[in-house]
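None of the values given here were measured: they were computed from a predicted structure.
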Amino acid sequence: MPLTLSALTGDTDLRLQVKHWTRETDPMVTGAHVSELLRPSEWLAGGEILMTIGLLLPVTVTAEDCRSYVRDVKAGGAVALALGLGSDLPHQSVPRTLAEAAAAEDLPLFGVPEDVPFIAITSAVYKALVADERQSLDRLVDLHKALTFSAASGGGLEAIVATWTSATNIGAIVTDPLGLRIVTSDTVGAQPTDEMLRDLANVLAPKGLRSAMKTTVEDIPLEIQPLGTTRLRGFVVLVGDAGSRMPVAITALTSILALEFERRWLSSEPDRHQRARAFQRVLVAESESDAEALLRAAGLTGEEFRCIAVDPGSGAAADLVADLSLTIRGGLIRHTNGGPVEAIVMADTDIEQDLRRFAPNSAAGIGALTTPGTLAASQAQAVAALVTSRNLGHPVTYRRGFTQAWLTNATDLEMAQTFSDAVLAPLTNADPSGALLATVEAWLTANCQIDPAADRLQVHRHTVRTRLRKIEQLIGQPLDQLDTRVELWLALTAKGLHRLPTGRPTT
């Protein structure tokens, strides 16, 4: 236990004589210092018991002299003043004016008997401090062992947090990088709300692993520490006053929590492979109901979804997949060597915020919202928009309704090809032979008439109707709408322009 003033005065070997002490507080003693200066404050660090024989205090000290002296001692942070007494010392008893000054300034004042040398007080103080440091070290070692055992026992984050709170009586909340809580210790009393945690994460996440902070939110003292080994994986929020004696313990907690996050990531690799396969199955599902069932099995619900494609940069794909896996609720994520990191996300996912936070310098394409059965179109849009994003230097979202402006304002053939690929990829992917593409081109050229298109293709008109229904299913848009027809026609036109040898479209 820390050395308190009451423990020091209770030492029978020292026999300190209390001249003033209200005992309303019992401060900790952090040191012992001897000084005969009348202004010793600049030599004090705070928490000491200051010892003096009053060499520079005259025998007949005035009240004002004593008040000035006591004020200076207190200003230096001393917790008590001890006056050495003796027959051959300046003072045989504590001067009344000094005792009155100590009482007026509420500074504990003690007399030190003649046969008690100051070194005895100094020795008692530092022996107690050493013993306390040893106990603290023992407690820290025990805590570290307990936390390590909790992590090794397979109890996960819950067991680690429970062990911490039981040993320290300090509440802890573990969140993901977005501030969404994962684990909360059972003994936390007043605690930050979910909104407060998200606000704190919004402020700290951009700083990554340098985002530690102490703050007070609605009178609740908090200490927030980042979790992760090479990249930010989450936060631990300590609820309550951890005090100045806990830094090493907190470091032990954050290190073990960070390792647990990494263990969870590694152990989930089989599940990630399974979800990557599910991603592909959704894109090639034969019907709307099949695609919807696959998404529901993966934890994705709703009527509309979208795909994203993110350029991971050099050697950072695994980290980006890890970040998105932690933050995109229910997202299906995949990555193939040399390709972008792709994900299927629900409509309410704030993907632009996630990209700003975890891939701020990466090119990214965001496909349009669509139904489960036509996610292949959104995926093609995302990949195509990714090419444009690399040119523009910021994430690009594919939106329907701006097709003409996109193509007209394209500054080079690569942007035209990006648009063409986004619109036509569902058809070319589903039918590499080109029959679907040829059918829609013939149908549009024939002013959307079945019979002339069939004659042009030299197939039966029922074949054209069947192919057009398949095209509607693949692109997720009805062909009887003018916007859909214009978009397909411009995409076919852009595809033709891309083949021109001049390098630019001609008129």
Side-chain angles (χ1 to χ4, degrees), residues 176-179 198 201-203 205-208 231-232 276 279 283 300 302 304-336 338-370 374-423 425-426 487 491 494:
D176 69 8
L178 298 179
R198 289 194 296 270
N202 286 336
V203 173
K207 301 177 183 178
R231 289 168 69 94
L232 181 68
F279 184 111
L283 297 187
L300 281 78
E304 290 188 313
F305 306 84
R306 63 165 27 109
C307 290
I308 64 170
V310 187
D311 192 343
S314 177
D319 286 330
L320 181 57
V321 170
D323 289 338
L324 296 179
S325 297
L326 287 171
T327 56
I328 296 179
R329 297 299 180 182
L332 289 179
I333 301 171
R334 73 174 180 179
H335 173 254
T336 54
V341 173
E342 298 175 283
I344 299 174
V345 300
M346 294 184 287
D348 61 353
T349 301
D350 192 347
I351 192 60
E352 292 184 359
Q353 173 181 285
D354 290 348
L355 291 175
R356 284 194 302 270
R357 183 170 296 176
F358 300 111
N361 300 315
S362 298
I366 304 172
L369 285 171
T370 187
T374 55
L375 271 169
S378 183
Q379 186 266 345
Q381 293 160 6
V383 173
L386 175 60
V387 177
T388 305
S389 174
R390 291 179 181 132
N391 293 334
L392 299 179
H394 60 74
V396 171
T397 300
Y398 181 92
R399 291 183 175 88
R400 300 189 185 278
F402 297 97
T403 305
Q404 284 182 289
W406 191 346
L407 184 60
T408 303
N409 294 327
T411 58
D412 54 38
L413 293 181
E414 185 175 70
M415 295 185 70
Q417 185 64 33
T418 294
F419 162 71
S420 177
D421 287 347
V423 176
E487 186 171 79

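- Summarising the geometry, atom CZ belonging to Arg306 is positioned 9.0 Å from atom CD1 belonging to Ile351; distances are rounded to the nearest 0.5 Å.
- A side chain to side chain contact (heavy atoms under 4.5 Å, CB included) with Glu342 is found for one member of Val383, Leu386, Ile333 and no other, namely Val383.
- To the nearest 0.5 Å, atoms CG (Leu283) and CG (Leu332) are separated by 9.5 Å.
- Here the closest heavy-atom approach between residue Asp421 and residue Ala380 is recorded as O-CB, 4.2 Å.
- Taking Arg198 as the reference, nothing meets the salt bridge (charged side-chain N to carboxylate O under 4.0 Å, His left out) condition, with sequence neighbours excluded.
- Smallest separation of non-hydrogen atoms from Ile344 and Phe305: CG2-CB, 4.3 Å.
- Here the closest non-hydrogen pair linking Cys307 and Ala382 is O-CB, 3.5 Å.
- Smallest separation of non-hydrogen atoms from Arg334 and Ala276: CB-CB, 3.8 Å.
- Residues Ala422 and Tyr398 come closest through the heavy atom pair CB-CE1, 4.0 Å.
- Contact detail for Pro177 and Ala205: the closest heavy-atom pair is O-CB, 4.0 Å.
- Judged as a salt bridge (Lys or Arg N to Asp or Glu O under 4.0 Å), the pairs with a partner in residues 376-390 (not counting sequence neighbours) are, in order, Asp311-Arg390.
- Not a single donor-acceptor pair under 3.5 Å links the side chain of Ser378 to the backbone N or O of Leu369.
- The structure places NE2 of His394 at 13.0 Å from CG of Leu355, a figure rounded to the nearest 0.5 Å.
- A heavy-atom distance below 4.5 Å is not found between the side chains of Gln381 and Thr370.
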